[in-house]
Protein chains: 2
Amino acid sequence: MSDDDAETRSARSPGAEATAGPTWRPVSRANTYELVIDAIEEQIVAGSLTVGYPLPAERDLASKLGVSRASVREALRVLESLGVVRSSGGSGRGAGTFIAAMPSAALTRFLRLHVALTNFSLSDVTETRIQLERSSAVLAAARAGEDALAAINAQLAMMDTPGISLEVFNDADTAFHVAIAQAAGNQLFSDLTGAIRTSLRTSIFAAFNRIEDQQGLMSELQAQHRAIMAAIVAGDTEEAARLTEEHIRFAASELPGLSDD
Amino acid sequence: MSDDDAETRSARSPGAEATAGPTWRPVSRANTYELVIDAIEEQIVAGSLTVGYPLPAERDLASKLGVSRASVREALRVLESLGVVRSSGGSGRGAGTFIAAMPSAALTRFLRLHVALTNFSLSDVTETRIQLERSSAVLAAARAGEDALAAINAQLAMMDTPGISLEVFNDADTAFHVAIAQAAGNQLFSDLTGAIRTSLRTSIFAAFNRIEDQQGLMSELQAQHRAIMAAIVAGDTEEAARLTEEHIRFAASELPGLSDD
DNA sequence: CTCAGATTAATGGTCTGACCTCATAAAGGC
DNA sequence: GCCTTTATGAGGTCAGACCATTAATCTGAG
């Protein structure tokens, strides 16, 4: 069953609460697959299903819930696309559907689609990225450990490879920023940072191919990367944040079509 | 490491790899429904499908793509759960599947599930919220218009209702913060802010019901709301940001179980 | 001619049952 | 014992049927 709250019934004074929209919520005749998702989600929220735990076989689950296998599959495909579940065929160990935790791909697709639909503008996304990465830089400067710093340095080194291709540079660039977020120790920062960068991947390539001095821009970006890294290593939180914001704004302004001001 | 992302896998530069682990990724034999999603996404990214446009009927699409209707449906359910598509039965005008743009519900479910799976910790989520809302407060203080301010005030007034229930207060509280994000003019801020609050709704209730002086806490929160609003109206960006961060940290620390420090 | 009511058609929603592929586990042959 | 073969069980896909809902169309009374 759905635990929908029926608080909309109490609105009796006309005009007073009509300010922020009616909020009718049309009773939600849930589709079967939604009910299946709810049933699974209930187990997850209750803690009965944790990462790595197997779900019943699709046929079992269908008969247990009293629905068809098709409906179960639609629910599982949704959960799979959300990065909550993972399915593999075969038999025995490792076969079946399991609770997983792989949110990055889901976030990436989500952002890519909604950016394409212009539901989120490029400047909205960039601004979000700036705020997240500013905070990542601060936290990384404050508490990054040896391993985390080494991971960031590895990406810096990668970007220094002579004659590097745009694809490899860009992927290392993304990995650099994600590594900083990871050094900050916030998984949501890290996944959002990666998702934003990756969802813009195609646009970034297109923009890059529209400019003349690609190598020059890459060098400039890399110089900024080094400055950011230096601030993080020095533990200078203010400077790391400032340089990060400057870096992202610079990149957005240099790449035509990536900022819509 | 779970750097998942089914991107264009055509670019393969020899050498220059092997730095950050193997990353073999077994060629990703895409499922049929993924191919259907790709086909639709292609149209969206190319701009052939924009918000409001209809998709072919499921049966048509299935035969056009040479797959079964079940696979088409699995793809559509995924896109629907992502808030990219909306389906309704019947015939004629308004019947069928259309491109939509309703990302909030998708974000909310995504966060709720991954928080439940402890993939994102509560402090990760709270920290993200702080950064987003700090920025929202700054932008709102800088550029909020009459209507936007009125929308925020409406929620403040709602929370002042005497003898208000916890549910109504909490929903107005959420709406208050979302209204500020909306006043900032960043849709992604706004949707993320709402999603984070809504995904924690159940936890917030549980935490609230565990404390003694509910009315006292509500009053204190409301006082902070008023202070934030005053700073926004005054155009004091620094103060608005500071108060917002303070407010969120205060709430998280007061509600037992909502911060995991 | 007009309009209410019945009919029809198009669409998503659901179910059933079948068949395929694949990876493991079990049985069998050397 | 080790290797090969078979059986089993899981997801992946498909075809087709039927249901529910809704707009468009037709029909007939007034």
Side-chain angles (χ1 to χ4, degrees), chain A residues 1-2 26-40 49 52-100 102 105, chain B residues 4 6 24-40 49 52-100 102 105:
Chain A
M1 287 301 182
S2 56
V27 158
S28 150
R29 314 184 323 271
N31 297 331
T32 303
Y33 87 95
E34 290 278 0
L35 300 177
V36 176
I37 291 180
D38 288 349
I40 296 173
L49 284 177
Y53 207 83
L55 266 65
E58 292 179 356
R59 293 167 175 84
D60 286 3
L61 197 49
S63 80
K64 277 194 182 90
L65 297 177
V67 301
S68 74
R69 195 183 156 207
S71 295
V72 168
R73 281 186 59 82
E74 289 180 11
L76 291 180
R77 291 296 76 75
V78 168
L79 292 175
E80 181 175 275
S81 82
L82 255 41
V84 166
V85 131
R86 163 184 60 82
S87 293
S88 6
S91 163
R93 181 196 72 86
T97 303
F98 297 83
I99 302 295
M102 320 172 71
Chain B
D4 267 273
W24 270 128
R25 251 191 323 186
V27 162
S28 148
R29 320 174 312 270
N31 296 331
T32 303
Y33 88 94
E34 289 278 0
L35 300 177
V36 176
I37 292 180
D38 288 348
I40 296 173
L49 284 176
Y53 267 61
L55 266 66
E58 292 180 356
R59 294 167 177 82
D60 287 2
L61 196 50
S63 82
K64 278 195 183 90
L65 297 178
V67 300
S68 75
R69 197 181 154 207
S71 295
V72 168
R73 280 186 61 81
E74 289 180 12
L76 291 181
R77 291 296 75 77
V78 168
L79 292 175
E80 181 176 274
S81 82
L82 255 41
V84 166
V85 131
R86 162 184 62 82
S87 293
S88 13
S91 161
R93 177 198 74 86
T97 303
F98 297 84
I99 302 296
M102 320 172 68

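The chains referred to below are lettered A, B, ... by the order of the sequence lines, with proteins before strands, and numbering in each begins at 1.
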Spacing between [X] atom [atom1] and [N] atom [atom2], to the nearest angstrom:
X        : N       : atom1 : atom2 : result
Glu34(A) : dG12(C) : CD    : C1'   : 15 Å
Arg69(B) : dC14(D) : CZ    : P     : 14 Å
Tyr33(A) : dG13(C) : OH    : C1'   : 11 Å
Phe98(A) : dG9(D)  : CZ    : C1'   : 13 Å
Leu79(A) : dG11(D) : CG    : C1'   : 16 Å
Arg86(A) : dA23(C) : CZ    : P     : 14 Å
Leu65(A) : dT14(C) : CG    : C1'   : 15 Å

Exercise for the section: Provide the closest heavy-atom pair for Ser87(B) versus Thr97(B) in the form atom of the first, atom of the second, distance. Expected result: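 Minimum heavy-atom contact is OG-OG1, 3.0 Å.
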Problem - Side chain proximity check, Leu82(B) to Leu82(A), heavy atoms < 4.5 angstrom - result: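 Heavy-atom side-chain distance check passes, below 4.5 Å.
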Practice task
Find out whether Leu76(A) and Ile40(A) are in side-chain contact, i.e. whether some heavy atom of one side chain is under 4.5 Å from a heavy atom of the other.
Solution key: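 When only atoms from C-beta onward are counted, Ile40(A) and Leu76(A) do touch, with a gap below 4.5 Å.
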Handout entry: Interface with DNA chain C, restricted to residues 52-64 of chain A and to heavy atoms under 4.0 Å
Key =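 Those residues are Arg59(A).
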Exercise for the section: Salt-bridge test for Glu74(B) and Arg77(B): reply yes if a basic N is under 4.0 Å from a carboxylate O, no otherwise. Expected result: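 Salt bridge absent between Glu74(B) and Arg77(B).
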Problem - Spacing of OH belonging to Tyr33(A) relative to CD belonging to Glu80(B), to within rounding of 0.5 Å - result: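 Atom-to-atom, Tyr33(A):OH and Glu80(B):CD are 3.5 Å apart.
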Exercise for the section: With DNA chain C as reference, determine whether Glu74(A) or Gly92(A) sits nearer its 5' end, using the nearest nucleotide of each. Expected result: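 The residue closer to the strand's 5' end, by nearest nucleotide, is Glu74(A).
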Among [options], which is the nearest nucleotide to the side chain of [X]?
X        : options                   : result
Ser71(A) : dG12(C), dG12(D), dT14(C) : dT14(C)
Arg73(B) : dG12(D), dC14(D), dG13(C) : dG13(C)
Ser68(B) : dT13(D), dG12(C), dT14(C) : dT13(D)

Practice task
Could you tell me whether the side chain of Arg77(A) has a donor or acceptor atom within less than 3.5 Å of a complementary atom in the base of dG11(D)?
Solution key: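 When only heavy-atom distances are counted, Arg77(A) does not reach the base of dG11(D) through any donor-acceptor pair under 3.5 Å.
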Exercise for the section: Not counting sequence neighbours, which residues clear side chain to side chain contact (heavy atoms under 4.5 Å, CB included) with Ala57(B)? List them please. Expected result: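 Ala57(B): side chain to side chain contact (heavy atoms under 4.5 Å, CB included) contacts with Asp60(B).
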Exercise for the section: Would you confirm whether Ser71(B), through its side chain, and Val36(B), through its main-chain N or O, come within 3.5 Å as a donor-acceptor pair? Expected result: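 It does not hold such a pair.
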Report yes if at least one side-chain N or O of [X] is closer than 4.0 Å to OP1 or OP2 of [N]; otherwise report no.
X        : N       : value
Thr32(A) : dT14(C) : yes
Thr97(A) : dG11(D) : yes
Ser91(B) : dA23(D) : no

